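What follows is one structure encoded as C-alpha cells, with my remarks underneath.
Computed from heavy atoms alone, side chains included, the values below leave out hydrogens, waters and symmetry copies. Numbers for residues simply follow the sequence, beginning at 1. Computed from a prediction, not measured in an experiment: that's the story for all the values here.
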Amino acid sequence: SPFCVATIAHRSKKGCTMKTLPADDDYMTPEAIELIARARALAPNFAERAAAAEEAGMVPAESVRELAAAGLFRVLQPKRWGGYELDPRVFYRIQMALAEGCMSTAWIYGVIGVHNWELPLYSDQAQRDVWGKDSGTLIASTYMPVGKAEKVEGGYRFSGRWGFSSGVDHCDWIFLGGLLPKSDGSGGLEHNTFLLPKSDYKVVKNWDVLGLRATGSHDIVVDNAFVPDYRVNATNDHSDAACPGRKENTSTLYKIPFIQVFQRAVSTACIGALDGAIAEFRKRAAAHVGKHGSKTAEDVNAQFAVTEAMMASDALKLVLFRNFAQVAANSRSGATMPVEERLLQRAQSAAVPKICCRHVDELLRATAASGCYKSNPIERFFRDIHQSRGHIANNTDAYMRAHGAVMLGLPNTDPFV
C-alpha cells in the first residue's frame with residue numbers, strides 16, 4: 001500500500017540511526033502492471049530461442065522486435081518521445097521477468113533500455129538527432145574511458161577501441177567513454193560520454209565467451225570521427241547545468257544520478273536468472289529418478305538448495321526495492337543521499353551476481369551428473385550468471401572495500417559515487 005511505512009537504518013560516519021520512509025508501491029500503476037505482464041508473456045518465447053541465440057552469438061532480431069512492440073524499451077523514455085516515464089523499479093521488474101526465460105535477452109534489454117533514460121539528460125538537439133525521425137531508435141554503449149578526444153571547432157575529433165558493447169547489432173547509435181580535462185580548470189581529467197551514430201563506428205565481432213553468449217558484446221572502433229559539443233556529457237556530473245535535457249524532460253525520474261540507475265541494469269538480470277534456474281530445478285527435481293533409483297525430490301541437498309535459492313532471491317529483491325524507494329524519494333524531494341548510503345547501495349548491487357552464483361552453483365550440483373548436459377537449462381543460467389561477474393560494475397569486492405573504507409574514516413575513492 002502507498003500508505004505503508006518502512007523503517008531503515010540511515011548509515012553515517014557517526015554510526016547508525018533509525019528513520020522512516022514511505023514503502024510506497026504507487027509506482028505500480030495499471031500501465032506498469034500491464035508492461036510487466038507483457039514481459040512475463042514474452043519470457044517463454046525467449047526461453048525457446050535461448051539455445052539457438054547462444055549458438056548464433058546474438059539475441060534474435062525477432063526477440064528485439066517483440067520487446068519493442070510490447071513497449072518495453074520505452075519504460076524509462078520521456079513521454080514527449082512516446083515513452084512511459086515510469087519508475088526504475090518497473091524497469092528492473094521487467095528485466096527480472098525476461099531473465100527467467102533468457103538472461104542474455106534480459107541483459108541487452110537492461111543495457112540498451114537504460115539508455116532511453118540517459119539520452120534525455122543530453123541536449124534537446126542530441127535527442128532530436130537520435131529520435132527525431134524514429135523515437136524507437138536504440139542506443140548501445142561501452143563506457144570504458146579509452147577514447148581519445150582532440151578539441152576542434154564545434155566539438156571533438158574522437159578515436160579509440162572499446163570492448164563489451166552488448167546488443168550493439170540491434171542499435172543505430174552508441175554511447176562511448178572518454179576522458180576530458182575537468183571543466184573546473186583544476187587540470188585533472190573526468191569521465192565523459194560521447195554519442196555517435198552508426199556511420200561513425202565499426203563493430204569488431206569477437207564475442208566468444210563462457211556465458212551471456214547471445215549478448216553479442218563486441219568491440220567498437222572509431223577512427224577520427226567528429227562529435228559535436230552538444231553530443232558530449234560529463235558522466236558523473238549530475239548538476240542541471242551538466243544535464244541540459246532536464247529543461248524539456250522535467251520528470252524527477254531524470255534527477256537520479258547516473259550510476260544509481262545504471263549499476264542495477266547490469267546486476268538485476270541475475271535475480272531473474274536465478275528465479276529461472278529455481279523454476280527449472282523444481283520441475284526437474286519433482287520428476288527425476290536417478291540411475292540408482294533415488295528421487296531428487298527426496299535428496300536433502302536438493303531440498304536445501306531450492307529453499308536457500310528462493311530465500312536469496314527474495315532478500316535480493318527486498319533490498320533492490322527498498323533502496324529504490326529511497327532513490328525515488330530523494331529524486332522527488334531534491335535531497336542528496338549521503339555518500340555512505342550511496343556506496344552501500346553500490347556494493348549491494350555489485351554483490352547480486354556473487355550471491356546468485358553461490359545459489360545457482362548449488363542448484364546445478366543438486367541436479368547430479370545428468371544435470372551437466374547442455375539440454376539442462378540450468379547449465380546456461382549457471383554460465384550466464386557467472387559471466388556477469390566480469391562486468392566492472394559487478395566487482396563486488398572493490399565496492400565493498402570502497403564502502404568499508406569510508407565507514408572506517410578513509411576518503412571515498414569511487415568517482416562514480
Thr235 and Thr193: side-chain donor and acceptor closer than 3.5 Å?
yes

Can you confirm whether Thr296 sits close enough to Arg284 that some side-chain heavy atom of one is under 4.5 Å from a side-chain heavy atom of the other?
no

Would you call Asp208-Arg213 a salt bridge at under 4.0 Å N-O?
yes

Any side-chain hydrogen bond (donor to acceptor under 3.5 Å, both in side chains) involving residues 250-264? Give me the pairs, sequence neighbours left out, ordered by first then second residue.
Asp240-Lys255

Can we call the ring centroids of Tyr399 and His403 under 6.0 Å apart?
no

When the ring centroid of Phe46 is compared with that of Tyr109, is the distance short of 6.0 Å?
no

d(Leu274 CG, Lys317 NZ) to nearest 0.5 Å is 8.5 Å

Do Ser349 side-chain atoms and Gln345 backbone N/O form a donor-acceptor pair below 3.5 Å?
no

Any side-chain heavy atom of Thr142 within less than 4.5 Å of one from Phe175?
no

Using atom types as modelled and distance alone, determine if a side-chain donor or acceptor of Asn394 lies under 3.5 Å from a backbone N or O of Arg389.
no

If you measure from OG1 on Thr307 to CD on Glu362, what distance do you get to the nearest 0.5 Å?
12.5 Å

Can you tell which of Glu62, Glu54, Glu55 makes a salt bridge (Lys or Arg N to Asp or Glu O under 4.0 Å) with Arg49?
Glu62

Using only atom types and a distance under 3.5 Å, with no angle test, would you say the side chain of Gln77 pairs donor to acceptor with the backbone of Ser135?
yes

Minimum side-chain heavy-atom gap Trp131-Leu119 below 4.5 Å
yes

Check Leu253 against Trp117 and note the closest heavy-atom contact, atom names and distance.
O-NE1, 3.0 Å

For the aromatic rings, using the six-membered ring if either is Trp, is the centroid distance between Tyr143 and Phe258 under 6.0 Å?
yes

Evaluate the side chain to side chain donor-acceptor pair (under 3.5 Å) criterion for residues Asp124 and Tyr230: first the C-alpha distance (whole Å), next the side-chain angles of each, then the deciding distance (0.1 Å), finally the verdict.
CA-CA 9 Å; Asp124 186 59; Tyr230 70 84; over 6 Å; no

Which pair of heavy atoms, one from Val204 and one from His218, lies closest together, and at what distance?
O-CB, 3.3 Å

Examine Arg89 relative to Tyr27 and say whether NZ or CZ is less than 6.0 Å from the centre of the six-membered ring and inside a 45° cone about the ring axis.
yes

Does atom CZ (Arg282) have a neighbourhood of more than 12 heavy atoms from anything else shown, all under 6.0 Å?
no

Give a yes/no verdict on a cation-pi contact between Arg342 and Phe416, requiring under 6.0 Å between NZ or CZ and the six-membered ring centre and an angle within 45° of the axis.
no

Closest non-hydrogen contact found for Ala99 with Ala269 is CB-O, 3.2 Å

For the residue pair Leu72 and Leu35, what are the closest heavy atoms and their distance?
CD2-O, 3.5 Å

